Amino acid sequence: MESKPHASADSAGESSIKAGAQIIVDTLIEQGVDTMFGYIGGVVLPLFDRLYDAPINFIIPRHEQGGCHMADAYARASGKVGVVVATSGPGACNLVTGLATAMMDSVPMVALTGQVRTELIGNDAFQEADTTGITRPVTKYNCIVKDVKDVARIIREAFHIASTGRPGPVLIDIPVDIEVTRCRTDGPKEMKLPGYRVKTKGHPRQISAAAHAINKSKQPVLYIGGGVISANASEELRELAEKAHLPVTMTLLGLGSYDQRKAESLDMLGMHGSAYANYAVQECDLLIAVGARFDDRVTGKLETFAPNAKIIHIDIDPASISKNVHVDIPVVGDAKEILGELTKEVEYNERKKWFSKIAEWKKKFPFRYDRNSAAIKPQYIVEEICSQTKNEAIITTGVGQNQMWAAQFYKFIRPRQFISSGGLGTMGYGLPAAIGAQIARPDAIVIDIDGDHSFNMTMTELATAVQCELPIKVCIINNGYMGMVRQWQELFYNKRYSKTYLSNPDYAVVARALGAVGETVDKKENVPRAIKAMLAEKKPCLVDFRVEPEENVWPMVPAGKSLNEMDGLDILESMA
Ligand SMILES: Cc1ncc(C[n+]2csc(CCOP(=O)(O)OP(=O)(O)O)c2C)c(N)n1
Ligand SMILES: [Mg+2]
């Protein structure tokens with residue numbers, strides 16, 4: 001993903017005098033921005049005045065956190081840079097969770113925050129916060145503008161840094177006096193980033209070494225992370241997997257990079273991954289990691305992770321290599337380019353024994369649930385949504401069991417189809433993410449599969465969906481509990497359900513009060529009809545599914561255990 005230089009609004013020789021706020025808007029447009037999310041306040045008034053008649057679709061959330069998640073999901077769904085604006089102090093502070101979410105999941109974003117007047121900084125001025133200090137650890141880069149002459153250059157640099165290399169959020173803090181100061185705009189336009197270098201081309205010798213290892217391997221596994229999606233490398237991944245005949249497992253964020261309907265798909269690996277993916281990783285002789293970072297939810301106990309495997313790691317971020325596990329063949333660079341090169345050097349290999357072993361695991365331990373239960377099973381809802389949308393919907397999620405069931409039971413076929421907070425695990429992400437994704441993809445069916453308590457955190461954004469007339473769907477997997485935490489309490493704290501049950505509002509009534517459509521479903525036989533009606537609805541639509549309260553997510557690798565030490569396999573087998 002390169003940020004392409006666009007024709008400048010005041011290009012070649014044309015000089016004019018403009019206020020900082022106008023320069024901000026013109027530079028955003030020059031960078032190709034046509035959609036922004038943000039919330040007003042005192043120190044961004046000059047900027048918002050310039051946005052009044054700018055050709056930018058501006059979405060106002062009900063809380064800056066919501067706006068930040070919307071910009072993040074807009075970026076994930078479109079591949080473009082998401083842009084969010086907030087005022088100083090409380091506005092900027094409300095961005096922190098959203099920035100950390102984007103940082104952990106490597107999402108390209110630019111956040112603009114207003115700041116108090118330059119001469120007041122450090123005075124505890126009204127609505128002053130040390131925004132660059134507060135956001136430094138949750139941004140890829142941030143800075144404060146000190147001179148209006150730097151505004152255009154810094155914005156260009158922000159887009160470049162956000163979208164190249166390992167993508168991430170960049171924040172620019174702009175004191176209000178800079179917004180109103182006027183300056184000539186014919187100054188130098190070049191970026192000044194001498195220390196910022198991105199290596200995109202993989203080393204040919206490393207690529208050949210990787211190809212050689214693949215050609216020799218009897219039991220290889222491709223382990224794909226979100227980096228393949230952000231590098232737009234899904235096509236290249238599919239070609240490599242097909243040419244060399246490799247099974248593919250994906251992380252939560254990697255879902256969609258490979259078509260899960262294919263026999264070679266091992267689906268998700270890790271703590272709530274498939275038994276067949278986890279067994280395959282533990283027994284493979286070669287693990288080919290691409291755009292993944294060996295997160296603890298994926299590896300389980302590090303010392304016993306993939307014990308027999310040689311490890312190839314393809315990643316744009318050199319800091320990820322050998323961070324958690326020792327890598328035998330690192331290839332640093334852009335996944336799209338490297339996979340393309342690698343495919344040229346690999347050979348087809350039947351690997352009959354390996355694939356028949358995988359087929360056995362797949363047959364013995366598929367994701368299962370009790371289909372005969374009288375209660376509504378959460379997995380049934382996800383399966384029904386998947387079949388009625390023919391695997392084509394964009395799915396966003398909350399965090400917890402709802403998220404894991406969405407990942408396990410929806411079979412994704414395309415990149416940018418599954419939008420979920422992986423690294424930070426931010427409850428409240430699902431609804432604003434659905435809004436951001438629907439704005440990026442107006443023609444797509446966008447469904448937030450949410451948890452009741454995740455939804456509680458940002459449900460006010462339903463008003464944003466109503467105002468923007470977005471046909472988003474919200475399916476609340478309403479178990480009454482903070483289900484995932486309750487599951488841990490059931491398994492590891494002797495069923496002492498400490499502070500994990502809260503009373504909930506009647507969500508259908510809440511939805512209707514906010515101007516959306518709201519339905520409640522408490523009978524299993526009504527599930528298909530409710531989903532059908534929801535999909536036909538043009539207005540924002542919420543369905544409150546009253547599900548089995550104490551359903552668990554299986555299998556589960558308990559924290560600190562090895563990937564093959566899964567709990568719940570007996571339960572899954574008993575449902576066969
Ligand atoms: C902002 C935030 N606070 C706390 C947590 C810890 N946490 C993880 S899952 C979870 C429960 C989620 O409950 P719900 O949204 O109802 O989802 P369920 O597991 O029931 O599907 C909690 C509290 C978190 N991930 N994010
Ligand atoms: Mg819940």
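Predicted model, so just to flag it, every value in this text is computed and none were measured.
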Exercise: identify the closest heavy-atom pair between [X] and [Y]:
X	Y	value
Glu179	Ile174	OE2-O, 3.8 Å
Phe58	Gly38	CE2-O, 3.3 Å
Pro415	Arg238	CD-NH2, 3.9 Å
Val107	Arg76	CG2-NE, 3.4 Å
Ala434	Ile472	O-CG2, 3.6 Å
Ile395	Thr397	CG2-CG2, 4.3 Å

Side-chain ([X]) to main-chain ([Y]) donor-acceptor, under 3.5 angstrom:
X	Y	value
Lys411	Arg261	no
Gln438	Arg441	yes
Gln401	Gly451	no
Asp105	Gly423	yes
Asp452	Gly480	yes
Tyr410	Ala393	yes
Gln417	Arg414	yes
Arg416	Ile229	yes

| task | Please test Phe455 against Leu462 for side-chain contact (heavy atoms from CB on, under 4.5 Å), starting from the C-alpha separation and ending with a verdict. | result | CA-CA 10 Å; Phe455 181 75; Leu462 212 45; 4.2 Å; yes
Quiz: residues 93-101 side-chain donor-acceptor pairs under 3.5 angstrom, not counting sequence neighbours:
residue	atom	partner	partner atom	Å
Asn94	ND2	Glu64	OE1	2.9
Thr101	OG1	Thr97	O	2.6
Thr101	OG1	Thr426	OG1	2.7

Supply the atom-to-atom distance [X] [atom1] to [Y] [atom2], rounded to the nearest 0.5 angstrom.
X	Y	atom1	atom2	result
Asp448	Tyr429	CG	OH	10.5 Å
Lys473	Thr389	NZ	OG1	11.0 Å
Ile413	Asn391	CD1	CG	5.0 Å
Asp173	Thr135	CG	OG1	7.5 Å
Thr464	Ile59	OG1	CD1	9.5 Å
Asn142	Thr131	CG	OG1	9.0 Å

| remark: Residues at least two apart in sequence or cross-chain that pass side-chain contact (heavy atoms from CB on, under 4.5 Å) with Glu128, listed by chain then number, are Gln115, Val116, Ile121, Ala125
| Set of residues satisfying side-chain contact (heavy atoms from CB on, under 4.5 Å) with respect to Ser78, sequence neighbours excluded |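 With neighbours one apart ignored, the set is Tyr74, Lys80, Ala440.
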| request: Determine, using ring centers only, whether Tyr141 and Tyr196 are less than 6.0 Å apart. | output: no
Within-4.5 Å side-chain heavy-atom neighbours: [X] and [Y]:
X	Y	result
Arg293	Asn324	no
Lys377	Glu551	yes
Lys18	Arg50	no
Leu514	Met459	no
Val399	Met484	no
Leu252	Gln403	yes
Ile447	Leu535	yes
Cys68	Met109	yes

| request: Verify side-chain contact (heavy atoms from CB on, under 4.5 Å) between Glu519 and Met534, making sure each step is shown before the conclusion. | output: CA-CA 9 Å; Glu519 287 295 331; Met534 172 188 87; over 6 Å; no
| Are Lys538 and Glu469 ion-paired here, with the side-chain N under 4.0 Å from a carboxylate O? |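 Salt bridge: no.
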| Can a salt bridge be assigned to the pair Arg297 and Asp295 using a cut-off of 4.0 Å between side-chain N and carboxylate O? | no
| Mind checking whether Phe367 and Phe409 have parallel, tilted or perpendicular rings, split at 30° and 60°? |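 Aromatic pair Phe367/Phe409 classed tilted.
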| task | May I have the step-by-step check of side-chain contact (heavy atoms from CB on, under 4.5 Å) for Cys143 and Thr132, ending in yes or no? | result | CA-CA 6 Å; Cys143 67; Thr132 46; 5.5 Å; no
Around atom [atom1] of [X], are there more than 12 heavy atoms of other residues, nucleotides or ligands at under 6.0 Å?
X	atom1	result
Lys199	NZ	yes
Tyr39	OH	no
Arg62	CZ	yes

| message | Show, in sequence, the C-alpha distance, side-chain angles and deciding distance for Glu30 and Phe159, and conclude whether the side-chain contact (heavy atoms from CB on, under 4.5 Å) test is met. | response | CA-CA 11 Å; Glu30 169 209 297; Phe159 276 80; over 6 Å; no
If only side-chain N and O atoms count, and only distance matters, is there a donor-acceptor pair under 3.5 Å linking [Y] with [X]?
X	Y	result
Ser274	Asp267	no
Arg166	Ser106	yes
Asp72	His69	no

Report the residues that fulfil ring pair (Phe, Tyr, Trp, His ring centres under 6.0 Å) with [X], sequence neighbours left out, ordered by chain and then residue number.
X	value
Tyr380	none
Tyr481	Tyr497, Tyr501
Phe418	Phe412

| message | Assess the residue pair Gln388 and Glu384 against the criterion (side-chain hydrogen bond (donor to acceptor under 3.5 Å, both in side chains)); give the C-alpha distance rounded to whole Å, side-chain angles, the decisive distance to 0.1 Å, and a yes or no. | response | CA-CA 6 Å; Gln388 287 203 30; Glu384 189 60 28; 3.0 Å; yes
